[in-house]
Every structure is written in C-alpha cells, then in structure tokens.
A.B. asks: 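Mind having a look at this structure? Questions to follow.
Chain letters run A, B, ... following the sequence lines, proteins first and then strands; every chain starts at 1. Not measured: the values here are computed from a predicted model.
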2 protein chains.
Amino acid sequence: MQISDTQKRFIRRWGEMGTRWGIARSTAMVHGYLYLCREAVNAEDICSALELARSNVSTSLKELEQFRLVERESKSGDRRTFYVAVSDVWEMARRILEERRRRETEGAVAAVNECLRAAKEEGDSFTAARMEAMQELLSTAENVADAARRYPTSLFRKAALMGGKLLGLIAKL
Amino acid sequence: MQISDTQKRFIRRWGEMGTRWGIARSTAMVHGYLYLCREAVNAEDICSALELARSNVSTSLKELEQFRLVERESKSGDRRTFYVAVSDVWEMARRILEERRRRETEGAVAAVNECLRAAKEEGDSFTAARMEAMQELLSTAENVADAARRYPTSLFRKAALMGGKLLGLIAKL
DNA sequence: CAATAATTTCTCTGATTTCAGAAATATGAA
DNA sequence: TTCATATTTCTGAAATCAGAGAAATTATTG
C-alpha cells in the first residue's frame, strides 16, 4: 500500500514517540504503518512504503509480535506472510502496557528478595525495611497486572473514561 | 555514608532496572543510594560511595529532582546541599509514573491532531477515523493523569492492593 | 569586594544501539 | 528432491547515549 504525505507524517511521529517508549524508531514506524492499513500487507510492502531494509522490517515484526500488536495472516495461493495491526486502540494500549510491565519488572521481585534476605541476615533492620517496602510495591504491581489480564478491554476503556470520578468512588469505599 | 555489599548489590540492581525504564544507570543508582540512606547526604558523599564522577552525580540529581524523587535540604553552618529521597514507595511509584507519562505523551496529542486535520481535509475518512481513535486514547490518558494528580497517594495504594477486586466492582457499575 | 568552596555546563571518549546489506536458512510447489 | 522464493540471522557501519574530566558559573563567607 502506497502512503500519503499525511500518513507519512503520522508514521514519522509515531516512530518518534516509540523511541521515547523504549521501542526502536523503525519498529514503531512499522506498527504505525500497519495501523493505517486497510488490509493485511506483506513484509516487502512495508519495506517499500517506509524505505526500510528487509531485515529491519523482519526484526521489527518479530518485536511487534512479542508485544502482540500485530498478527500474522496467510492468504491461500500466496506463500508470503501477511500482517495486520490490532486496530482497537484500547486493546493496543493494554498490550503495550502489559509487555512493558513484564519487561520492566522481570526478575525484579526475585532480585530485591535476595538482597532483602541478605540484609536480614546481617541484622541491618533499616535497610531490610526499605527493601521490604520496595518488595511489596513490586509484587503488588505484578498482582495487579495478573488480575488485569483476566478482564476484558472494554472495562479499561470504561474505567479510563470515568477518569477522576472513579477515583472519587474508590475514596468512599 | 559507607555502604555494605548487600546495599551495593541492591543499588546495582536498581540501576539495572533503571536502564529498562529509560533512566540512566547512574541516575537510578544515585536514587537507590539515597533511598537506602538514613539521613540527607551531599553530592560528594554520593560520588565516593558509588564511585561516580561529580558531574555525573550533579546531572543525576537534577534528573531526579525533575522526577520529584529527591528533595534538597540545607544544613546550617554547611554551605553544601544535602539530598534525601522520597521514602514512601507508593509516592515514589506515583511520581515516576507521572513524569514518565508526561515525557512519553508530550506533544503527542497536538501532533496527532495536526495529522488528523490534514487527513480530514484530504477526505481520507479511513485514516481520519484511525487517527481520531488514537487521539481519543492519548487525550484520555492525559485526562486520567490530570485527575489522578488531585488525589492522595494513599488512594492509589488502596486501589492497587484491592487489585482484581476493584476491577470486578467497576464491571458492575 | 575578594577569596574560596560548591555546583553546573561543556566537551570528548567509549559503549551501546540501530539499521542496511549479505549470507544463511526455511518453506512450499513441481 | 530440486528449484524458487520468503524469511531470518549475521556482520559491520553509522548514529546515539552515558559518563568522565575540565572549564565556567554561582553562591557564601570573611
């Protein structure tokens, strides 16, 4: 699919934002392109539209699959793989947050736990207390993420649109 | 303040995590160090404890101040500036999330809006619809963040600890 | 208003990351 | 199995980023 200047501008912006989110510019651009596509497209198509190396597109697609932001599709009579982006922005946001959370807290609970044990053994109660607090935070974050995975995206949209009101409700509980 | 091996290990881990959060390793290490300090310390102290260049510590402290994770303190009869970290982990998490959200969506709404206008002018309704959805997501994120700023940290702790139960409640609204 | 101590900003180097192109591998049809 | 083509992995160049040290600036005290 050929793209207009407006689409190009959006994709460039999206790539720029990606870098601030710890996602490579070209990866975010591939995602932006797929988000604007009406139907599934193949890797070669992405290359020519964005003027990126084939290898780069391949790596980007793999990354996006890990985020579960794109899905593969196969067309009969065509051996190439076609890709589509998750089109619902709420689902998109949710998956990005989930994968980021996973990457960013991966192993952190265990690591802090290890330090905590050592601090206790040494009888350093101040340090132990600080680490314990950190530990509680990290494991709560994991628990919330786990719980969140069990609810539909529509719920998050609802919650987000309620915004401040929701927090007001919680305050009254 | 001199630090034990356990503390050193924690700080190193914290620094490592920082890099995955888009925060420089040394910045996160300075933060980790301050988090483990019983009282306010000065920059020189941080340098010697972590074996970092004075300039690096200065830059890190400035960064941490922007995150509002550390505060300055002055001692009478001492012209040097002393620093303390916010010790409550929930407050800490909140401020990190707030600053990250700010950095990561900075200008995004305006940029997408610009593209959206162009797409509409060109009569490209498909592209316009996609951009509109993205726009809604981004501005909702900003609204939620704004609303959140008006509530006390204790509320977030409460909400987080409720975890899945809270989502169940929202589902029933 | 010095003199001196504290802090910040600037510049440069080394490490890391991104990404294009080449080489290798995998897949499917005949 | 062989051929053609799609895809992935490897490699090196270019860009970016972190962090040390020097230079400049700011603040404090006599």
A.B. asks: Would you please confirm or rule out a distance under 4.0 Å between OP1 or OP2 of dG21(D) and any side-chain N or O of S55(B)?
C.D. replies: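 For dG21(D), OP1/OP2 do not have a side-chain N/O of S55(B) under 4.0 Å.
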
A.B. asks: On DNA chain D, compare the nucleotides closest to R25(A) and R72(A); which residue's is nearer the 5' end?
C.D. replies: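 Result: R72(A).
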
A.B. asks: Taking the basic N atoms (NZ, or NE/NH1/NH2) and the acidic carboxylate oxygens, is any pair closer than 4.0 Å for R13(B) and E114(A)?
C.D. replies: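 No, no charged N to carboxylate O under 4.0 Å.
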
A.B. asks: Starting at CD of E73(A) and ending at P of dA6(D), how long is that distance when rounded to a whole Å?
C.D. replies: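 Roughly 18 Å, once rounded to whole Å.
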
A.B. asks: Reading DNA chain C 5' to 3', which nucleotide is the first, and which the last, to come under 4.0 Å of any heavy atom in chain A?
C.D. replies: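 So the contact region on DNA chain C extends dC19(C) to dG28(C).
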
A.B. asks: Give the rounded distance in Å between these two atoms: CD of E51(B) and P of dA18(D).
C.D. replies: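 Rounding to the nearest Å, CD of E51(B) and P of dA18(D) are 21 Å apart.
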
A.B. asks: Flag the pair L34(B) / V84(B) as yes when at least one side-chain heavy-atom distance between them is below 4.5 Å, and no otherwise.
C.D. replies: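 SC-SC contact between L34(B) and V84(B) ruled out.
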
A.B. asks: Does the side chain of I46(A) reach to within under 4.5 Å of the side chain of L61(A), using non-hydrogen atoms?
C.D. replies: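 A side-chain contact exists here, since the closest heavy-atom pair is under 4.5 Å.
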
A.B. asks: Assign S26(A) to base, sugar-phosphate, or nothing according to its heavy-atom contacts below 4.0 angstrom with the strands shown.
C.D. replies: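 Sugar-phosphate: the residue S26(A), judged by heavy atoms under 4.0 Å, touches backbone atoms but no base.
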
A.B. asks: Would you kindly compare R79(A) and R54(A) by the position of their nearest DNA chain C nucleotide and give the one closer to the 5′ end?
C.D. replies: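 The 5'-side residue here is R54(A).
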
A.B. asks: Side chains of Q66(B) and R103(B): is there a donor and an acceptor less than 3.5 Å apart?
C.D. replies: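 Present: a donor and an acceptor within the cut-off.
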
A.B. asks: Please check the phosphate of dT7(D) (OP1 and OP2 only) for any side-chain N or O of K62(A) closer than 4.0 Å.
C.D. replies: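 The answer is no; no side-chain N or O of K62(A) sits under 4.0 Å from OP1 or OP2.
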
A.B. asks: With the side chain of R80(A) defined as its heavy atoms from C-beta on, choose the nearest nucleotide among dT7(D), dA18(D), dA20(D).
C.D. replies: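 The answer is dT7(D), which lies nearest to the side chain.
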
A.B. asks: Determine whether M92(B) and Y35(B) make a side-chain contact, defined as any pair of heavy atoms from C-beta on separated by less than 4.5 Å.
C.D. replies: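 M92(B) vs Y35(B): side chains touch.
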
A.B. asks: Quick one: N56(A) CG to dA14(D) C1', roughly how many Å, whole number?
C.D. replies: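 Spelled out: CG on N56(A) to C1' on dA14(D) is 13 Å.
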
A.B. asks: Would you check if there is a donor-acceptor pair between the side chains of S58(A) and R54(A) at a distance under 3.5 Å?
C.D. replies: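 Absent: no donor and acceptor within the cut-off.
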
A.B. asks: For I46(B) and dG19(D), give me the distance from atom CD1 to atom C1', rounded to whole Å.
C.D. replies: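 Computing the I46(B):CD1 to dG19(D):C1' distance gives 16 Å.
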
